[in-house]
Visitor: 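The structure under discussion is supplied below as structure tokens; questions concerning it will follow.
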2 protein chains.
Amino acid sequence: MIRVVIAEDQRMLRGALGTLLELEEDIEVVGQAEDGDEAMAMIERLDPDVCLLDIEMPGMTGLDVARKLKEGTSRCKVIILTTFARPGYFERALEADVAGYLLKDRSVEELAQSIRKIVKGKKEFDHELILKSFKDDNPLTDREREILRYSAQGYTYKEIAHTLFLSAGTVRNYMSEILQKLQAKNKVEAIRIAKDKGWI
Amino acid sequence: MIRVVIAEDQRMLRGALGTLLELEEDIEVVGQAEDGDEAMAMIERLDPDVCLLDIEMPGMTGLDVARKLKEGTSRCKVIILTTFARPGYFERALEADVAGYLLKDRSVEELAQSIRKIVKGKKEFDHELILKSFKDDNPLTDREREILRYSAQGYTYKEIAHTLFLSAGTVRNYMSEILQKLQAKNKVEAIRIAKDKGWI
DNA sequence: GAATCGAGATGACAAATGTCATATTGCGGA
DNA sequence: TCCGCAATATGACATTTGTCATCTCGATTC
């Protein structure tokens, strides 16, 4: 019997997934969490074979949970299950050594198949992801990403400079660089592009 | 037997929903669409009792479909089924005379109950929505919304002015007004706030 | 018919944003 | 050791953004 924990904040999908996986002969859903923190606690307590993690959840994201599990001693295999085919997310998932990264654009039946393969030690990544991740490499440095993130919150350069202990001019320079890299004509467009690709 | 069409772009949820509703004694899922246009065609062809429409789909949104159905002669009851408790969406749904507006934060079992009630002529709206819609009223005029939407795409005022046959100064004036209404200190923040509330 | 209102325009101004050239420092590799 | 690169800074500059007072031109209302 494969013991599974599901972490997904949207109740309808979480419940449906639970019911349908439970219908499979060889799978047992031992826990359902609605946010990252609950998932983390549940995995440590129940020691399942596999956990399914959504990325965008309140509190800890699925990627946060994956990173933490990697640091710890858990033997639980991690499957990221998300809507977003964003190369940025995928990269970060790879860094956290996940066993699978699957899109919600699959059927539950296919998901069950993937779970079985992963338990046997295989890796499963959605093809679409792999293709994208070659093309759309994040061109931004850490600093640039940080500045773009603050900008996206609505901070002015002066405020960002103050927060990061930089001069306002430097922040402007970074933004100038960002705009060129992303081929955007202004902040707003840069933010849109970067969000779209999952770079911030 | 209650005949239902489901329109939802995310395959996993669509499939799961289909399977689980099909398990109910009195419900029959007669069609599943993955975008708004397909849903529209399917509803006209199959004449179901109820359709479940996601809002954010490629092509026509669920709200678009609801509006079109209202104009036409279909007797099909519309249920909007979405993640977003945004007052803006809710208002627009009411204008399209939908029979239900439910969040994906419910279980499938509860959804089935709501479908039954709606078929009998009742209306079903998620309480959360109703509360929010009193508080967070959209303060923006149509013109202002339009301008903010263009801004959110990354257009400069000059470009927006050109598109809408206005002067650049007028566009700036509108934005100035928008910033005050939303209590934002700049464009970026205004866009963030408005998106958050579902106003654009 | 006068008062009022809303959409749109204008101009002037201040502040923020974006571009560019150039300088310093420190670090990692050949 | 020397080279090059990345991070940071500065100053000068042009452009865009945001604020405000004021104007015109229909509609609407009284």
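In what follows, chains are A, B, ... by sequence order, proteins preceding strands, each numbered from 1. Basis for what follows: all heavy atoms, side chains included, without hydrogens, waters or symmetry-related copies.
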Visitor: For the pair made of NZ in B:Lys181 and C1' in D:dT19, what is the distance, rounded to whole Å?
Guide: 16 Å
Visitor: Is the closest side-chain heavy-atom distance between A:Asp47 and A:Arg75 below 4.5 Å?
Guide: yes
Visitor: Nearest whole angstrom, please: distance from the C1' of D:dT16 to the OH of B:Tyr155.
Guide: 18 Å
Visitor: Within this structure, what is the CG-to-C1' distance between B:Leu179 and C:dA15, rounded to whole angstrom?
Guide: 13 Å
Visitor: Return yes when atom NZ of B:Lys68 has more than 12 non-hydrogen atoms of other residues, nucleotides or ligands closer than 6.0 Å, and no otherwise.
Guide: no
Visitor: For B:Glu159 and D:dT15, give me the distance from atom CD to atom P, rounded to whole Å.
Guide: 15 Å
Visitor: I need the CD-C1' distance between B:Glu189 and D:dG18, as an integer number of Å.
Guide: 14 Å
Visitor: Main chain of B:Thr61, side chain of B:Asp64: is a donor-acceptor contact present, judged purely on distance under 3.5 Å?
Guide: yes
Visitor: Rounded to whole angstroms, how far apart are OH on A:Tyr157 and P on D:dT16?
Guide: 14 Å
Visitor: State whether A:Glu95 and A:Arg67 are salt-bridged, where the test is any N-O pair (Lys NZ or Arg NE/NH1/NH2 against Asp/Glu carboxylate O) under 4.0 Å.
Guide: no
Visitor: Each nucleotide in nucleotides 7-14 of chain C should get exactly one letter: B, S or -. Can you fill that in based on protein heavy atoms under 4.0 Å?
Guide: SSBB-B--
Visitor: When the C1' atoms of the five terminal pairs at each end define the local axes, what inter-axis angle does the helix from C:dG1-D:dC30 to C:dA30-D:dT1 show, to 10 degrees?
Guide: 30°
Visitor: Answer yes or no: is there a side-chain heavy-atom contact under 4.5 Å between A:Leu102 and A:Phe125?
Guide: no
Visitor: Just checking, A:Lys187 and A:Tyr157: is the charged tip under 6.0 Å from the six-membered ring centre and within 45° of the axis?
Guide: yes
Visitor: Could you check how far CD1 of A:Ile160 sits from C1' of D:dT8, rounded to whole Å?
Guide: 16 Å
Visitor: Looking at B:Leu111, B:Val29, B:Val5, which one forms a side-chain contact (heavy atoms from CB on, under 4.5 Å) with B:Leu52?
Guide: B:Leu111
Visitor: When rounded to the nearest 0.5 angstrom, what is the spacing between CG in A:Leu69 and CG in A:Leu53?
Guide: 7.0 Å
Visitor: Taking CD1 from B:Ile147 and C1' from D:dT17, how many angstroms apart are they, rounded to a whole number?
Guide: 14 Å
Visitor: Examine D:dG18: is either OP1 or OP2 under 4.0 Å from a nitrogen or oxygen in the side chain of B:Lys187? Give yes or no.
Guide: no
Visitor: Let me see the working for A:Glu110 and B:Arg11 under salt bridge (Lys or Arg N to Asp or Glu O under 4.0 Å), right down to the final yes or no.
Guide: CA-CA 11 Å; A:Glu110 288 168 309; B:Arg11 186 172 325 200; 5.5 Å; no
Visitor: Would you say a side-chain N or O of A:Gln180 is under 4.0 Å from OP1 or OP2 of C:dG18?
Guide: no
Visitor: Does a nitrogen or oxygen in the side chain of B:Ser176 sit under 4.0 Å from OP1 or OP2 of D:dT19?
Guide: yes
